[in-house]
Amino acid sequence: NRLHATIADINFEGILANASGVHCQTKEELAELLASPYVATAVTKSSTKEVRTGNPKPSYYEFEQGSINSMGLPNNGFDYYLDYVSQDHSQKPVILSVASLSMTEGIELLKRVQDSDFQGITEFNLSCPNVVGKPQVAYDFETTHQILTEVFKFFKKPLGVKLPPYFDFAHFDQMADILNQFPLSHINSVNSIGNGLYVDVETEASVIKPKKGFGGLGGAMILPTALANVRAFRERLNPDIKIIGTGGVTSGEEVFAHILCGADLVSVGTELQRQGIGLFEKLQHELLMIMNEKGYQSIDEFKGQLKTM
Ligand SMILES: C=Cc1c(C(=O)O)[nH]c(=O)[nH]c1=O
């Protein structure tokens, strides 16, 4: 297969996935993702100990260049997703996303994953920007180091982290130094750009209800930030830590760009929300067309090979 990847000794046929949060809250949505031949894996909505309804609506809004969301971590509860990922899914891997509302809750949930039958990949979301009163863990380097140190005392299964975007070389360096200390399966970079604000000039109002309109930005407009983060971490992380590139993918071009920057898998959020599951066939077709034009037989020939001047 020309499109393949391996994370933590788990083989993926194809390289496309949903971004956690989109089309992944229910077992039906997850099953629909896995049923697509163009989807390599499905990532669950980040799960918390308790079921959460999330923030008041409207909490999601699409505009031409992207989207803004302050969903507030609505999910059907950790048990629901652990149960789902523990079942066999047509031989396709499923990634279990776990949120960290608090250090103790995150640790407790990961302990339950460790003690469960689930043998797949877990992704620890350290970057939810929309839980009122809760900072994004991964912007606090000391706390991040502390949590990962605690986790890896007991967690022996494949574990990755979902990161927020960083915007400063000192932060790329500091975060990579921390991550390289742990046997992580992967990073997923980037989560939405936290706390943007979209204003509707006609109504003179913000467009989502929670947090006075502040929310995480996604879609086309975050592509350069997403590519910068994928590239920066690819250059800094040890090669055993793979990368799921997320952010700004609307066509095969952006999938190609993410891979060129070093992504092993590529996940799609806003555009998937817009276009539905049919998008994956379009993305895979366009990627293969680009590879044919360039004479690439396999992903491995150009992965991480971004040229600079
Ligand atoms: C898990 C919560 C997240 C949410 C949310 O549920 O509000 N939105 C995002 O853009 N990223 C998240 O990580």
Side-chain angles (χ1 to χ4, degrees), residues 17-26 29-30 42-63 65-78 80-81 95-103 105-106 109-110 122-140 143-144 147 160-166 186-198 206-223 225-226 229 244-249 267-274:
N18 66 301
S20 176
V22 179
H23 210 285
C24 58
Q25 190 148 340
T26 67
E29 286 178 314
L30 288 161
V43 186
T44 72
K45 173 66 186 175
S46 296
S47 54
T48 51
K49 191 174 173 183
E50 307 299 328
V51 173
R52 287 173 60 90
T53 52
N55 291 337
K57 294 181 171 35
S59 54
Y60 180 84
Y61 181 85
E62 283 177 9
F63 47 96
Q65 307 87 336
S67 67
I68 185 167
N69 90 82
S70 185
M71 311 305 286
L73 202 41
N75 73 97
N76 294 344
F78 173 79
Y80 178 93
Y81 300 103
I95 296 175
L96 173 66
S97 177
V98 173
S100 59
L101 275 182
S102 70
M103 181 158 163
E105 178 172 323
L109 295 181
L110 291 175
T122 302
E123 189 172 279
F124 197 18
N125 185 349
L126 300 178
S127 48
C128 181
N130 301 323
V131 179
V132 178
K134 296 282 182 186
Q136 293 190 70
V137 173
Y139 282 152
D140 177 337
T143 302
T144 299
I147 288 184
V161 289
K162 180 72 173 278
L163 299 177
Y166 298 94
H186 72 283
I187 64 166
N188 188 328
S189 172
V190 296
N191 205 320
S192 54
I193 296 179
N195 295 301
L197 177 63
Y198 190 86
S206 51
V207 293
I208 55 174
K209 183 164 185 171
K211 293 172 61 176
K212 296 184 182 173
F214 284 67
L217 302 176
M221 59 184 282
I222 76 163
L223 179 69
T225 292
N229 277 262
I244 300 178
T246 306
V249 173
S267 77
V268 192
T270 298
E271 203 59 19
L272 172 60
Q273 181 65 40
R274 279 180 205 261

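Both ligands and their constituent atoms are indexed starting at 1 by order of listing.
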Under the ring pair (Phe, Tyr, Trp, His ring centres under 6.0 Å) rule, collect the residues that match up with Y80, sequence neighbours excluded. none

Give a table of atom pairs where an N or O of ligand 1 lies under 3.5 Å from a protein N or O.
| residue | atom | partner | partner atom | Å |
| --- | --- | --- | --- | --- |
| ligand 1 | 6 (O) | K45 | NZ | 2.8 |
| ligand 1 | 6 (O) | L73 | N | 2.8 |
| ligand 1 | 7 (O) | N69 | OD1 | 3.4 |
| ligand 1 | 7 (O) | M71 | N | 3.1 |
| ligand 1 | 7 (O) | G72 | N | 2.9 |
| ligand 1 | 7 (O) | N130 | ND2 | 2.8 |
| ligand 1 | 8 (N) | N69 | OD1 | 3.0 |
| ligand 1 | 8 (N) | N130 | ND2 | 3.1 |
| ligand 1 | 10 (O) | N69 | ND2 | 2.8 |
| ligand 1 | 10 (O) | S192 | OG | 2.8 |
| ligand 1 | 11 (N) | N191 | OD1 | 2.8 |
| ligand 1 | 13 (O) | N125 | ND2 | 2.9 |
| ligand 1 | 13 (O) | N191 | ND2 | 2.9 |

Between N195 and K211: side-chain donor-acceptor atoms closer than 3.5 Å: yes

Sequence neighbours left out, what passes ring pair (Phe, Tyr, Trp, His ring centres under 6.0 Å) with Y60? Give chain and number order. none

Does the S47 side chain pair with the main chain of N76, one donor and one acceptor, at a distance under 3.5 Å? no

So, do S20 and K162 sit near enough that their side-chain heavy atoms are less than 4.5 Å apart? yes

Please name all residues satisfying side chain to side chain donor-acceptor pair (under 3.5 Å) with S127, sequence neighbours left out, ordered by chain then number. N125, N191

